Colleague: 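Just passing along the structure, written as structure tokens.
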Amino acid sequence: MKALIKVTGVQNLEDTGDDSIELITDGIFTRIPGGFSIKYHETELTGLEGTVTTVEIVGDTVVVCRRGTLNSRMEFREGYKCSFLYDTRFGSATLGFETRSVKTKFDSTGGDLAIDYIVNMEHAVVGRNKLLMSVRPSRSQ
């Protein structure tokens, strides 16, 4: 279904405090085997214009894939530590993260997602991030 998607990203960096960005955009929300999928286009506001983001929620796992001007795949599960390649047109870097919590509540009409995670580079913590997402049916159905 067509959906109205609100994405809020909050970064807490050691020396600068909280920095947040909010995107409200149209996208597609669908049921997939075992869960749900959210797909939307990033905009100039996020600095990722030309990138398509897909979020898949299956069980206790959330996978965020970005393809376009930035390519990445991040898998979130509570207590899960992993690294991923952050590939941009300016170059690539390997980042690591540890998921502190994942909360999801979805049904066929939409739902909410909250992920709290710590980002590190070369095993040093560079920030604590939160990804909040709200999905509702689009009024222009």
Side-chain angles (χ1 to χ4, degrees), residues 1-122 124-141:
M1 78 174 180
K2 291 182 182 178
L4 183 64
I5 301 165
K6 178 180 173 184
V7 181
T8 305
V10 180
Q11 289 183 313
N12 181 290
L13 305 173
E14 297 276 330
D15 53 350
T16 61
D18 281 357
D19 184 28
S20 66
I21 188 167
E22 184 174 276
L23 170 68
I24 298 175
T25 189
D26 292 318
I28 302 294
F29 176 70
T30 56
R31 185 175 286 278
I32 59 173
F36 300 93
S37 175
I38 305 158
K39 187 174 188 176
Y40 62 93
H41 292 268
E42 297 286 350
T43 68
E44 189 177 326
L45 175 68
T46 64
L48 300 175
E49 189 174 22
T51 299
V52 175
T53 297
T54 303
V55 179
E56 292 188 349
I57 302 107
V58 177
D60 64 351
T61 302
V62 176
V63 176
V64 178
C65 289
R66 291 191 168 115
R67 297 285 177 255
T69 54
L70 172 113
N71 297 299
S72 68
R73 182 184 185 280
M74 301 182 342
E75 184 174 321
F76 298 97
R77 273 192 323 264
E78 234 169 89
Y80 182 65
K81 295 179 184 181
C82 103
S83 61
F84 68 99
L85 184 64
Y86 195 73
D87 183 23
T88 72
R89 64 179 174 244
F90 304 110
S92 301
T94 301
L95 299 176
F97 65 91
E98 176 182 352
T99 307
R100 296 173 54 90
S101 70
V102 175
K103 294 182 170 97
T104 63
K105 185 175 181 182
F106 285 90
D107 61 26
S108 61
T109 63
D112 298 292
L113 163 70
I115 302 172
D116 182 353
Y117 62 104
I118 295 172
V119 177
N120 63 63
M121 183 181 284
E122 301 296 325
V125 172
V126 293
R128 181 172 177 180
N129 294 359
K130 291 182 182 176
L131 172 64
L132 309 170
M133 188 175 290
S134 172
V135 179
R136 300 294 179 258
S138 176
R139 292 190 178 147
S140 63
Q141 292 274 342

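Side chains included, hydrogens not; waters and symmetry mates left out as well; all remaining heavy atoms used. Note that the structure is predicted; figures quoted are calculated from it, not measured.
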Colleague: Could you give the distance from CD1 (I24) to OG1 (T8), rounded to the nearest 0.5 Å?
Modeller: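 OG1 of T8 is found 7.5 Å from CD1 of I24.
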Colleague: Using 0.5 Å steps for rounding, measure from the CD1 atom of I32 to the CD atom of E56.
Modeller: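 Answer rounded to 0.5 Å: 4.0 Å.
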Colleague: Take R77 and V102, measure what side-chain contact (heavy atoms from CB on, under 4.5 Å) needs, and give me the verdict at the end.
Modeller: CA-CA 6 Å; R77 273 192 323 264; V102 175; 5.7 Å; no
Colleague: Mind checking side-chain contact (heavy atoms from CB on, under 4.5 Å) for N129 and listing every partner two or more places apart, or none if nothing turns up?
Modeller: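 N129: side-chain contact (heavy atoms from CB on, under 4.5 Å) contacts with Q11, Y117, V119.
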Colleague: Looking at side-chain heavy atoms only, is the closest gap between Y40 and V7 below 4.5 Å?
Modeller: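 A side-chain contact exists here, since the closest heavy-atom pair is under 4.5 Å.
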Colleague: Tell me every residue that passes side chain to side chain donor-acceptor pair (under 3.5 Å) with R66, counting only those two or more places apart in sequence or in another chain.
Modeller: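 Side chain to side chain donor-acceptor pair (under 3.5 Å) check on R66 returns E42, T53.
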Colleague: Determine the minimum heavy-atom distance between F29 and S108, stating which atoms define it.
Modeller: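 Heavy-atom minimum between the residues: CE2-O, 3.9 Å.
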Colleague: Please identify each residue that fulfils side chain to side chain donor-acceptor pair (under 3.5 Å) with E78, with sequence neighbours left out.
Modeller: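 E78 satisfies side chain to side chain donor-acceptor pair (under 3.5 Å) with no residue once adjacent residues are dropped.
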Colleague: Tell me, do M1 and S138 make a side-chain contact under 4.5 Å, heavy atoms counted?
Modeller: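 M1 does not reach S138 side chain to side chain.
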Colleague: Please examine the side chains of T43 and E49, heavy atoms only from C-beta on, and report whether any two atoms are closer than 4.5 Å.
Modeller: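 In short, these two side chains do not touch, never coming nearer than 4.5 Å.
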Colleague: Ion pair present between K2 and D26, side-chain N to carboxylate O less than 4.0 angstrom?
Modeller: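 Looking at K2 and D26, the cut-off is not met.
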Colleague: Can you sort out the partners of T25 under side chain to side chain donor-acceptor pair (under 3.5 Å), two or more places apart, ordered by chain and number?
Modeller: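 Once residues adjacent in sequence are excluded, T25 has no partner under the side chain to side chain donor-acceptor pair (under 3.5 Å) criterion.
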Colleague: Using side-chain heavy atoms (C-beta onward) and a distance below 4.5 Å, is V10 in contact with N12?
Modeller: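 Of all side-chain heavy-atom pairs linking N12 with V10, none is under 4.5 Å.
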Colleague: Side-chain contact, heavy-atom cut-off 4.5 Å: C82 with F97?
Modeller: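 Result yes, sub-4.5 Å side-chain heavy-atom pair found.
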Colleague: Can you list everything that forms a salt bridge (charged side-chain N to carboxylate O under 4.0 Å, His left out) with K6? Sequence neighbours excluded, please.
Modeller: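 Checked K6 against salt bridge (charged side-chain N to carboxylate O under 4.0 Å, His left out); matches are E22.
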Colleague: Taking T99 for the side chain and I115 for the main chain, is one N or O donor matched with an acceptor at less than 3.5 Å?
Modeller: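 Not at all, since once roles are kept as given, no pair shorter than 3.5 Å links the two residues.
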Colleague: So, using side-chain contact (heavy atoms from CB on, under 4.5 Å) as the criterion, who are the partners of D112 when residues are at least two apart?
Modeller: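 For D112, the residues satisfying side-chain contact (heavy atoms from CB on, under 4.5 Å) (neighbours in sequence not counted) are S134, R136.
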Colleague: Check T54, V58, V55, I57 against S37 for a side chain to side chain contact (heavy atoms under 4.5 Å, CB included) and give me the one that passes.
Modeller: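 Answer after filtering T54, V58, V55, I57: T54.
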Colleague: Would you find a donor on one side and an acceptor on the other, under 3.5 Å apart, between the side chain of T51 and the backbone of T69?
Modeller: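 Present.
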Colleague: Report the distance from atom OG1 of T61 to atom CZ of F76, rounding to the nearest 0.5 Å.
Modeller: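 Atom-to-atom, T61:OG1 and F76:CZ are 11.5 Å apart.
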Colleague: Strictly below 4.0 Å, N to O, side chains only: are E98 and R100 in salt-bridge contact?
Modeller: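 No, E98 and R100 are not salt-bridged.
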Colleague: Identify the two heavy atoms, one from I5 and one from G27, that lie closest to each other, and give their separation to 0.1 Å.
Modeller: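 That would be CD1-CA, 3.6 Å.
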